[in-house]
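As the structure lists them, so they are numbered: ligands from 1, and atoms in each ligand from 1. In this chain, numbering begins with 1 at the start of the sequence shown.
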Amino acid sequence: MKKITIAATMFLAASALQAQQNVVTINAKDAKHTISKNIYGHFAEHLGSCIYNGFYVGDTSKTIANTNGVRNDIIDALKKLKVGTLRWPGGCFADTYHWKDGIGPKDKRPAIVNKWWGGVTEDNSFGTHDFLNMCEKIEATPYLAGNIGSGTVQELIDWVQYVNYDTKSPMSDLRKANGREKAWNVKYWGVGNEAWGCGGNMVPEYYVNEYRKYATFMTDWTNSDKIFRIASGSNSADYHWTETVMKNIPTNMVEGVALHHYSVIDWGAKGPSTTFTEQQYFTIMKRALFMDTLVTKHAAIMDKYDPQKKVALVVDEWGGWYEVEPGTNPGFLYQQNTMRDAMIAGVTLNIFHNHADRVRMANLAQAVNVLQAVILTNKEKMILTPTYHVMEMYNVHQDATMLPLQIKSNDYVVGKEKLKAVSASASKNKDGVTHISLVNIDAAKAQEVVINISGASYTNITGRILTSKTLQDYNSFNNPAAITPEIFNGAKLTANTLLVKLPPFAVVVLALK
Ligand code: AHR
């Protein structure tokens with residue numbers, strides 16, 4: 001416990017008055033929704049070096065320690081991260097993927113061409129067994145994305161039977177013949193991906209019929225296996241898509257509706273991943289904060305058809321998207337990850353927490369070597385990105401009860417535009433510890449934040465911070481620990497009021513007991 005003198009208390013009170021423009025009010029009594037661990041999900045697509053030369057180096061690798069071909073350093077890092085769901089095999093790739101190509105003896109598997117991502121030839125050495133066994137090692141919950149674009153209903157129901165049936169069936173016999181006795185019991189299933197685009201360029205009125213057909217055969221009448229079917233969702237602000245899906249698919253046929261939103265400056269000029277300007281940073285933060293509007297509006301549509309909130313909003317692709325690193329394959333989407341990405345992660349997770357009643361799963365795009373990755377690899381080297389560190393600092397919120405809050409924030413101004421500088425979320429875990437996550441997105445100004453908490457009392461505070469010298473800083477293979485979380489001493493507790501000094505572009509997580 002921090003002992004606070006009378007003089008210090010008066011100083012804090014005076015500072016609090018000066019800084020009252022940033023005020024967070026937390027009401028611990030009104031807590032009712034759980035922050036699902038599944039919000040901390042990731043995405044692993046057959047894209048660039050996410051799977052091959054990323055997660056999977058093959059079991060003959062002499063230089064990289066692995067378990068059945070999956071890098072041990074990645075397994076350890078993702079276990080520590082406490083990954084929720086791990087989505088595979090796409091993405092756009094999912095609607096071209098025929099799962100039977102990826103089972104059985106590796107030398108008998110057919111090669112395929114990855115038509116969406118670089119046109120490279122893959123040997124299918126990483127398939128269903130490899131993915132699901134890897135999830136067991138990482139302790140992540142698998143989420144399989146089914147192919148409804150170029151696949152068939154029979155193919156998808158065979159996949160469900162192959163991975164989930166313990167009783168005798170043609171597909172469980174095949175699984176056993178391929179060396180896996182026990183079913184994996186995969187709960188989460190995507191019914192197509194981006195059906196409005198690479199998943200088939202469908203209009204929503206057509207997609208809903210496709211969805212209903214596939215969803216029917218994936219289960220029995222009562223869905224006694226309790227699989228969780230996720231409908232392909234809207235592209236950012238396509239509210240008509242969500243409206244059509246919710247209106248035409250009964251809530252007993254769908255457990256989740258997806259939403260994809262990337263923070264992109266402009267699809268034609270995405271800007272560099274590390275040498276960006278403040279204006280480019282500001283635009284990316286504007287796009288990231290837009291997630292709040294998206295989630296609010298899609299959730300309001302869902303409320304009309306599903307007032308009991310049975311169906312989850314599943315943000316199964318989100319993150320920053322920039323130009324690829326110079327000299328790399330444009331189809332591989334390989335980009336570096338800076339403090340800007342840490343800011344995106346911090347504000348986005350706060351938004352998901354604050355909408356925990358409806359947002360019950362999310363998947364950052366993507367886990368390894370693609371887009372806003374938490375891990376980058378280069379031969380035997382592996383680094384953890386600033387995004388990794390934010391997700392690790394924030395994982396204390398997993399399965400905790402969200403504490404509702406209001407924020408009064410200063411503006412972060414660039415040119416004629418402004419954004420709220422301070423973002424926050426809070427939760428209380430089963431041991432009674434309250435965690436508060438704070439982000440100051442302002443590129444230059446520190447922010448003093450007064451946090452008033454009602455309905456709980458605390459005597460002890462600790463904290464961690466992620467920040468750096470410049471927004472453009474990143475962890476490189478030569479300097480992998482340039483940005484790592486540190487102990488934060490910038491918060492003072494008096495009675496139930498906290499005064500926190502957030503440096504510019506910083507992410508802070510506080511623990512109160
Ligand atoms: O994450 C990269 C791609 O972005 C995915 O394959 C697709 O679903 C989205 O357009």
Side-chain angles (χ1 to χ4, degrees), residues 41-52 54-55 85-97 112-120 122 126 131 143-151 188-202 204 207 211 230-238 241 256-268 270 273 284 287-288 291 294 314-325 328-337 341 344-345 348 361-376 385 387:
H42 291 268
F43 176 26
E45 181 164 13
H46 286 235
L47 195 179
S49 43
C50 181
I51 298 292
Y52 297 110
F55 276 101
T85 56
L86 187 58
R87 181 174 182 245
W88 177 84
C92 294
F93 180 80
D95 279 295
T96 65
Y97 185 61
I112 51 162
V113 172
N114 190 332
K115 67 173 268 178
W116 295 121
W117 307 117
V120 291
E122 298 188 5
F126 189 89
F131 174 70
Y143 164 12
L144 294 176
N147 174 357
I148 75 159
S150 68
Y188 297 100
W189 293 84
V191 184
N193 167 72
E194 297 195 348
W196 42 265
C198 62
N201 278 309
M202 302 177 206
Y207 171 71
Y211 175 90
I230 299 163
S232 172
S234 151
N235 178 15
S236 290
D238 182 355
W241 185 280
V257 172
L259 165 67
H260 289 182
H261 173 65
Y262 285 98
S263 300
V264 191
I265 292 174
D266 179 319
W267 286 105
K270 298 195 256 334
S273 68
I284 286 289
R287 305 277 191 266
M291 183 66 88
L294 287 174
V314 174
V315 189
D316 54 12
E317 288 187 29
W318 66 273
W321 191 322
Y322 321 116
E323 301 296 353
V324 298
E325 291 310 309
T328 65
N329 187 327
F332 281 12
L333 310 186
Y334 176 78
Q335 62 190 41
Q336 247 300 351
N337 195 291
D341 297 278
I344 300 176
T348 306
M361 196 200 291
N363 301 77
L364 174 64
Q366 299 195 6
V368 179
N369 292 333
V370 170
L371 299 176
Q372 194 179 336
V374 287
I375 288 173
L376 298 176
T385 66
T387 302

Exercise. If you measure from OG on S263 to OH on Y322, what distance do you get to the nearest 0.5 Å?
Worked result: 7.0 Å
Problem set entry | Numbered atoms and elements of ligand 1 in range of N193, under 4.0 angstrom, heavy atoms | 8 (O)
For this session: Please name the pair of heavy atoms, one in N193 and one in G91, separated by the smallest distance, quoted to 0.1 Å.
Result: ND2-C, 3.0 Å
Problem set entry | Check: Q372 side chain, D341 main-chain N or O, donor-acceptor pair, under 3.5 Å | yes
Exercise. Just checking, is any N or O donor in the side chain of H260 or N235 under 3.5 Å from an acceptor N or O on the other one?
Worked result: no
Problem set entry | Option whose closest heavy atom lies nearest to atom 1 (O) of ligand 1, chosen from W318, W117, Y262 | Y262
Problem set entry | Residue F43 vicinity, atoms of ligand 1 by number, heavy atom under 4.0 Å | 1 (O)
Exercise. Which heavy atom of the protein is the closest neighbour of atom 6 (O) of ligand 1, given with residue, atom name and distance?
Worked result: E45 OE1, 2.7 Å
Seminar exercise, completed: Note: ligand 1 atoms sitting under 4.0 Å from heavy atoms of C92 are 5 (C), 6 (O), 7 (C), 8 (O)
Exercise. Given that the side chain starts at C-beta and the backbone is N, CA, C, O, which of these parts of V370 lies under 4.0 Å from ligand 1, counting heavy atoms, or is it both or neither?
Worked result: neither
Exercise. At under 4.0 Å between heavy atoms, which part of F93 makes contact with ligand 1: side chain, backbone, both or neither?
Worked result: neither
Problem set entry | Protein heavy atom at shortest distance from atom 10 (O) of ligand 1 | E194 OE1, 2.7 Å
Exercise. Can you tell which of W88, W117, W116 makes a side-chain contact (heavy atoms from CB on, under 4.5 Å) with E45?
Worked result: W117
Exercise. Against heavy atoms of Q366, which atoms of ligand 1 measure under 4.0 Å?
Worked result: 1 (O), 2 (C)
Exercise. Purely on distance, is any nitrogen or oxygen of A365 under 3.5 Å from one on ligand 1?
Worked result: no
Exercise. Do any N or O atoms from the side chain of W196 and from the backbone of G233 form a donor-acceptor pair under 3.5 angstrom?
Worked result: yes
Problem set entry | ligand 1-proximal atoms of W116, by part, heavy-atom distance under 4.0 Å | neither
For this session: Under 4.0 Å, heavy atoms only, figure out whether ligand 1 is touched by the backbone of W321, its side chain, both or neither.
Result: side chain
Exercise. Roughly how far apart are L294 CG and W318 CH2, rounded to 0.5 Å?
Worked result: 13.5 Å
Seminar exercise, completed: In this structure, CZ of F131 is separated from CZ of F126 (nearest 0.5 Å) by 7.0 Å
Exercise. Is it true that a side-chain atom of N114 and a backbone atom of H46 form a donor plus acceptor pair closer than 3.5 Å?
Worked result: yes
Exercise. Has ligand 1 got any nitrogen or oxygen that is less than 3.5 angstrom from a nitrogen or oxygen of E317?
Worked result: yes
Seminar exercise, completed: In ligand 1, the atoms that come under 4.0 Å of a heavy atom of L371 are 1 (O), 2 (C)
